[in-house]
Structures are given as C-alpha cells and as structure tokens.
There are 2 protein chains.
Amino acid sequence: MKITDVARHAGVSPSTVSYALSGKRSISADTRRRIEASIRELGYRPHAGARALASSRSNVLALVVPLRTGMHVPVVMQFAVSVVTTARRHDHDVLLLTQEEGEEGLRRVADTALVDALIVMDVQMHDERLPLLRALDRPSVLIGFPAEPAGLTCIDLDFRAAGAACVQQLALLGHRCVALIGSPPEVYLRQTGFAQRVAEGFTATATRHGLTSSVHPCEASPAAARAVAERLLREHPALTGVVVHNEPVLEPLVDAFEQFGLRVPGDLSITAICPDEPAARTRVPVTSVAIPTAEVGARAVELLMRKLDGAPVPEATLLAPRLTLRGSAAPRA
Amino acid sequence: MKITDVARHAGVSPSTVSYALSGKRSISADTRRRIEASIRELGYRPHAGARALASSRSNVLALVVPLRTGMHVPVVMQFAVSVVTTARRHDHDVLLLTQEEGEEGLRRVADTALVDALIVMDVQMHDERLPLLRALDRPSVLIGFPAEPAGLTCIDLDFRAAGAACVQQLALLGHRCVALIGSPPEVYLRQTGFAQRVAEGFTATATRHGLTSSVHPCEASPAAARAVAERLLREHPALTGVVVHNEPVLEPLVDAFEQFGLRVPGDLSITAICPDEPAARTRVPVTSVAIPTAEVGARAVELLMRKLDGAPVPEATLLAPRLTLRGSAAPRA
DNA sequence: GCTCTGAGTCGAAACGCTTCGACGCGGGAA
DNA sequence: TTCCCGCGTCGAAGCGTTTCGACTCAGAGC
C-alpha cells in the first residue's frame with residue numbers, strides 16, 4: 001500500500017494525495033473527499049521512513065530520562081507520560097533515551113536524524129551535555145536549569161520561589177526559627193539545580209524576614225529522618241517551623257516529630273515541596289508546593305514545537321509555585 | 001555528509017561503503033580501513049530515515065508501558081530501562097508508547113513502519129490487544145501472560161511457582177495455617193494474570209501440603225494493611241505464616257503485626273513476592289522472591305531480536321522464582 | 001476581448017541509503 | 001592449459017515520500 005496506489009484508486013497524482021494529506025496546498029473539496037475515501041478503503045498508512053527522508057522530519061522527539069540515585073522515579077514517570085501524550089497531540093512520537101547513553105547518545109539520535117528535537121531531564125548546574133546541546137543543529141528543551149542557561153531553552157518550577165513561599169508562609173504565621181530539611185547530600189554534591197535553588201530561596205527569604213534558619217540535607221530513609229529530627233530538636237530548641245524538600249522522608253519526619261512529643265501543627269508547623277499525593281496522605285496533611293509535572297512536560301513539548309516551526313521562544317520559563325494549604329502549618333503558639 | 005561523500009573520499013563506490021558498514025559482503029582489510037578513516041574524518045552518520053526506507057528496517061522497538069492504578073511505577077521503570085539498554089546493545093532504539101494509545105497506537109507505529117517490533121507490558125488475561133498483536137505483520141513480545149498465549153510470545157516470572165515457593169517454604173518450616181495478602185482488589189477484577197497466578201500457586205501448594213489457607217486482597221495503603229492484619233488475627237487465630245504479594249503494604253503489615261503483639265519471625269513467619277530493596281529494608285528483613293525485572297526486560301528484547309532474524313522462539317518463557325532467605329521465616333514454635 | 005491572478009493539479013526530481021546482479025581477477029582442480 | 005569458483009568491488013535500480021516548478025482553467029479587472 002503506497003501513495004501511488006491511493007493516487008491511482010482516487011484518480012489523481014501522488015503529489016495531490018500528498019498535498020491532501022499535509023494540507024500544504026489547497027485541494028478541491030471533491031478531490032479531497034475521493035482521496036480520503038480511497039485511503040480508508042485501502043487502509044493506507046504513509047511510510048515513516050520515506051516521509052522522514054523526503055521531508056527531513058522524523059516527527060520523533062528524544063526524551064532523556066535520569067536514573068541516578070536520589071531521583072524520585074514516579075515523578076520522572078509523570079514527566080515522561082506528560083511528554084508522550086503532549087507529543088502525540090502534536091503528531092509526534094517519543095524515543096526513550098537513558099541518561100547512561102550520555103553525550104554520544106544525544107549526538108547519535110540527532111546526527112542520524114532519528115529525532116527532530118530533544119528534551120533533557122535532570123539537568124545539573126554544570127552539566128556536561130550543555131555545550132553539545134548548544135552546538136547541535138536540532139532544537140532542545142531542558143527540564144531544569146543549569147548555572148548558565150544562555151543559549152538554551154529551559155523550563156521548570158521556580159524552585160527558588162517555591163522555597164521562598166514555604167518559608168514565607170511560616171514567617172507570616174509568626175514563626176521565628178525555621179529549618180529546611182532537604183534532598184540527600186549526593187543531590188547537592190552533584191549540584192542539581194533545583195535542590196540548590198530551594199535552599200537559596202529558603203535562606204534568602206528567612207533572612208529577609210529576620211528568621212533564624214538552618215539547612216539540613218537528609219538521606220531518603222526513615223532512619224535518617226528520625227536522626228535529623230532528633231538533631232534538630234536538640235540543636236535548635238526554639239525551632240517551630242520546618243520546610244521539607246524530600247518526598248520519601250516526609251511521612252517518617254512527621255511521625256518522628258510526633259514521637260518526640262511535638263504536635264503538628266500545634267508545636268511545630270510544616271510546609272513541603274513535593275507531589276500532592278504524599279503530602280495529602282500523611283497523618284496530618286501537609287501544606288505544600290507541588291511540582292507541576294504535567295504542565296512542565298506539556299510546555300516543554302510545546303516549546304519544542306515552536307522551535308521546530310522556527311518561532312522564537314523564551315530562554316527561561318519558570319512556573320510560579322502554588323501553595324496548597326492543608327493544615328500542617330498554624331500560627332505560632 | 002552522505003554516503004557518497006564518504007565513498008568519494010575513500011575512493012570507492014557507495015555500495016562498498018554500505019557493505020563495509022553492514023558487513024553483509026566481505027570487504028578487503030585495506031578498503032575497510034580506508035573507509036573507516038574517511039567516516040571518522042568526515043564525521044559521517046547514516047541517515048536513519050533513508051536507511052529505514054531502503055532496508056525496510058527502522059531499528060526501533062515500541063515499548064508500551066502501563067500507567068493504570070495499582071501498577072507499581074518503579075518496577076515499570078526498571079523494565080523500561082532494561083529494555084532500552086538491551087535494545088541499544090542490539091543497535092536498536094526504543095519508542096515509548098502509553099497504554100492509553102491503545103490498539104490504534106500499536107497499529108499506527110506498526111503500519112507506518114516506524115517500529116520493527118513491539119514489547120507490551122501489563123497484559124491482562126483477556127487483553128483486548130491480543131487479536132491485533134496476533135494479526136500484526138510485526139513481531140511482538142508480551143511481558144506477562146494472558147489466558148490464551150497461543151500464537152504469541154510471552155515472558156514473565158513464573159508467578160504460580162513464586163506463590164508456591166513462598167508457601168512451600170512456610171510448609172517446610174512446619175506452619176499449618178497460612179494466608180496470602182495479595183494485590184488490591186481492582187488488580188484481580190481486571191484479571192491481571194500475575195496476581196491470579198500467585199493466588200493459584202499459593203492455594204494449590206498449601207492444599208497439597210495439607211495446610212489451612214486463605215487469600216486476602218488488600219489496598220495499597222497502611223490503613224488497609226492494618227485492617228487486614230487485624231482481621232486475619234481475629235478470624236484465623238491459628239495463623240503462623242503469611243505470604244505478601246503487595247509491595248507497598250509490606251512494611252506497614254510487618255509493623256501492624258508487631259503492634260498486635262506478634263514477633264516476626266518468632267510468632268509469625270512472613271515470605272513475600274516483591275523487589276529486593278523493600279524486602280531488605282523492613283525492620284525484620286523479609287524472605288522474598290524478587291521480580292527479575294532486568295532479566296525479563298533483557299530477554300524480551302532478545303526474543304524479539306531472534307524473531308526479527310526469522311528464528312523460532314518459544315511461545316512461553318517462564319523464569320523460575322528464586323527465594324532469598326532473609327530471616328523473616330522461621331520454624332513454627 | 002485580453003491580460004492577470006490564483007486555485008487546483010500534475011510530473012519529475014530529489015531525499016540517502018541498501019541490495020541485486022554483474023564483472024574482473026587470482027588460485028585451485030582437472 | 002583450461003575451467004570454475006569465490007572474493008572484492010561497482011553500477012544501477014529501487015525504497016515511498018515530499019516538494020518545486022509548471023501547467024490549465026476560471027473568473028476578475030480593465
């Protein structure tokens with residue numbers, strides 16, 4: 001079943017069928033109807049490879065997913081699903097690449113014209129792939145911000161503002177001594193942008209409000225959570241507000257604080273940056289800023305589509321944080 | 001940069017370059033060296049679309065991932081990563097499809113020759129996609145077993161044997177009254193094969209050993225875990241052995257039993273079917289059968305490669321369960 | 001009535017690779 | 001010596017689209 005078969009069946013030339021399919025030239029209503037009927041009747045499907053060759057567009061996007069320790073897998077998957085469904089809406093498919101393939105993988109899919117464009121997740125402050133992405137002849141979008149985003153297109157939640165929002169809420173409620181319980185140490189060591197930015201937003205805003213503040217990386221285990229909680233209470237007896245940016249330890253932390261005799265939010269107020277689901281299911285539902293994975297994924301694809309159309313796009317897209325109040329933060333006693 | 005450029009630079013014909021690249025005809029060592037040097041020097045990369053068109057092979061596999069409730073996302077991701085890395089080892093890439101695309105999605109990527117073959121995860125007993133997969137002109141492999149696997153190629157852990165192994169271990173340790181705490185009810189309602197088969201293996205083996213046994217679906221929440229534990233102790237006072245096939249509730253269950261005054265493994269022995277990591281990190285590490293995601297993914301790809309080569313492959317590949325002893329199961333007091 | 005324009009269609013030339021058949025050549029068998 | 005075979009290479013014919021330029025035909029403008 002090729003385009004010439006359809007053309008013959010509909011009594012037109014192959015090019016007319018092609019134009020009817022792509023809409024790049026006008027076709028009379030009658031001809032279009034005949035062509036569509038023939039396509040249906042013959043069950044014709046254009047050959048992806050032939051199309052890619054002739055048009056130099058594969059209609060495939062590459063998505064590079066991270067699989068390093070410390071990454072929260074379900075969140076990664078949410079991005080991926082959002083990217084795939086949005087890409088489909090724009091008539092594109094998604095090729096899955098693992099971080100592990102590295103620069104060579106990016107170069108390969110770009111240079112062989114397997115993909116038209118790339119989406120890269122889990123960007124580090126000084127990511128090795130940045131020079132390559134800048135040099136590549138295919139457009140790309142980063143989910144996450146490196147230290148120097150010039151010449152790239154980046155999108156993400158505004159983590160600095162998110163950190164600020166969490167501490168500001170505590171400040172408004174009258175808390176004077178706060179702590180940030182953050183990602184595992186290796187995430188900071190790798191200089192993953194979002195972790196660092198949360199800490200910056202947290203500290204800057206705490207300072208601006210005249211609060212006493214401290215930052216505590218924390219492994220993603222219940223034991224680590226308990227240890228951090230214990231240390232916090234010992235070293236900062238005046239502590240009444242905590243910001244958590246570490247999904248897996250949220251629940252263990254709440255448990256630990258309560259076991260140490262602190263009521264949430266009576267004695268201790270908590271705000272968090274994490275997906276809604278875990279925030280809502282803790283003993284005391286936690287006031288939190290969610291990571292808008294669906295929106296980030298969708299907008300990443302849309303940015304790419306505009307770049308593919310040759311339209312200009314903003315280099316940086318920062319999504320404003322939205323704080324959902326759930327009752328884990330209350331006025332200071 | 002095209003193959004003719006390389007050919008000219010190396011002083012040979014384009015077809016010779018092609019044969020040097022594919023190895024489908026013999027090339028003298030000297031010519032091959034010259035060609036390789038030219039390729040490196042010019043930075044040549046074959047155009048994927050042109051290749052697909054001429055050879056009618058895209059070197060891309062489709063992977064259909066599930067995203068329905070009850071699926072455990074990290075496990076899905078492990079399969080996906082294993083599929084991608086193995087595919088790369090065989091010089092193939094992976095196109096990511098969501099369940100949601102349904103039959104039309106499968107048909108589309110197959111009929112447009114976007115992919116050479118398909119891998120489908122999360123197969124149900126009476127999956128709607130089976131007739132299509134049988135009819136498609138591209139080979140496919142299912143991860144999971146439907147009720148009627150004839151005419152298909154399927155691979156998975158032998159869940160029946162896994163259920164049997166878990167209960168047999170308890171039987172050997174002298175337990176006489178056992179229970180299976182299974183997946184959420186909706187998983188059974190959807191007739192997902194693996195859940196049903198675990199229950200079958202569990203029940204059959206318990207019966208064969210003359211044990212008293214019962215099966216209990218369980219939602220994936222700590223509250224549900226606690227409720228099931230409570231009910232179990234009330235209704236089956238003689239209970240001394242439990243098999244858990246529900247990863248998220250494993251830890252809450254252990255906690256619940258201990259809170260009800262049962263020591264593990266002193267008063268209650270537990271075995272489980274779940275990934276190693278959660279089994280190992282509970283208060284009492286749990287003797288378990290792991291789902292060999294890496295092996296399943298890799299072998300699925302390898303089966304597909306053999307089918308693409310026209311070689312015969314077994315319709316069913318059942319991986320034998322391997323029980324890892326961790327101390328949560330002990331002889332009956 | 002004549003040109004000009006634009007809508008609708010066609011033919012042919014790419015697009016960059018693979019593969020088939022053929023050819024030249026040297027070595028082993030007869 | 002002749003014949004045959006197989007190795008290494010080449011030329012040309014696809015593979016199934018898209019796209020460019022050109023053509024036809026009506027209708028509008030004058």
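Note on naming: letters A, B, ... go to the chains in the order of the sequence lines (proteins, then strands), and numbering restarts at 1 for each one.
Distance check: Ile291(A) CD1 to Phe159(A) CZ gives 4.5 Å after rounding to the nearest 0.5 Å. The structure places CG of Leu118(A) at 9.5 Å from CG of Leu63(A), a figure rounded to the nearest 0.5 Å. Here the straight-line distance linking atom CD of Glu100(A) with atom CZ of Arg88(B) works out to 11.0 Å at 0.5 Å rounding. To the nearest 0.5 Å, the span separating OG on Ser22(B) from CZ on Arg51(B) amounts to 8.0 Å.
A straight line from CZ of Arg45(A) to P of dT17(D) spans 13 Å, rounded to a whole angstrom. For the pair Arg8(B) CZ and dT9(D) C1', the interatomic distance rounds to 18 Å; values are reported in whole Å. We find that CG of Leu114(A) is positioned 16 Å from P of dG16(C), with the value rounded to whole Å. If you measure from atom NZ of Lys2(A) to atom C1' of dT17(D), you get 11 Å, rounded to the nearest angstrom. Summarising the geometry, the separation between CZ on Arg33(B) and C1' on dG8(D) is reported as 15 Å, rounded to the nearest angstrom. Per the geometry, CE belonging to Met1(A) stands 16 Å off C1' belonging to dC15(D), to the nearest Å. Distance, Ile39(B) CD1 to dC17(C) P: 10 Å, rounded to whole Å. Atom C1' of nucleotide dA12(C) and atom CD1 of Ile3(A) are separated by 15 Å, given to the nearest angstrom.
Ion pair Arg89(A)/Glu101(B) not flagged as a salt bridge, since none of the NZ, NE, NH1 or NH2 atoms sits closer than 4.0 Å to an Asp/Glu carboxylate oxygen. Between Asp5(B) and Arg8(B) there is a salt bridge, since at least one side-chain N of the basic residue sits less than 4.0 Å from a carboxylate O of the acidic one.
Comparing dG16(C), dT18(D), dC20(C) against the side chain of Tyr19(B) picks out dC20(C) as the nearest. With dC10(C), dC17(C), dT17(D) as the choices, the nucleotide that has an atom nearest any side-chain atom of Val12(A) turns out to be dC10(C).
For the pair Thr16(B) and Leu53(B), both in contact range of DNA chain C, the more 5′-proximal nearest nucleotide belongs to Leu53(B). Each of Ser55(B) and Pro14(A) lies near DNA chain D, and the nucleotide nearest Ser55(B) is the one positioned closer to the 5' end. Each of Ser22(A) and Ser15(B) has a nearest nucleotide on DNA chain D; the 5'-most of these lies closest to Ser15(B).
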Determine, stepwise, if the pair Asp158(A) / Phe145(A) fulfils side chain to side chain contact (heavy atoms under 4.5 Å, CB included). CA-CA 10 Å; Asp158(A) 186 340; Phe145(A) 278 79; over 6 Å; no

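Counted by atom type alone, Ser15(B) and Ser18(B) present zero donor-acceptor pairs between their side chains at under 3.5 Å.
Sorted by residue number, the members of residues 24-32 of chain A with any non-hydrogen atom under 4.0 Å from DNA chain D read Lys24(A), Arg25(A).
With the end axes of the helix from dG1(C)-dC30(D) to dA30(C)-dT1(D) each set by five pairs, the angle from one to the other reads 40° at 10° resolution.
Distance alone, capped at 3.5 Å, is enough to place a donor-acceptor pair between the Asp116(B) side chain and the Ser58(B) backbone.
By the 6.0 Å contact criterion, CD on Glu302(B) is enclosed, its count of non-hydrogen atoms from other residues, nucleotides or ligands being greater than 12.
Judged by distance alone, with hydrogens and angles left aside, Tyr44(B) brings no side-chain donor or acceptor close enough to the base of dC17(C) to form a pair under 3.5 Å.
Arg57(A) comes within 4.0 angstrom of no nucleic acid atom, judged by non-hydrogen atoms across all strands.
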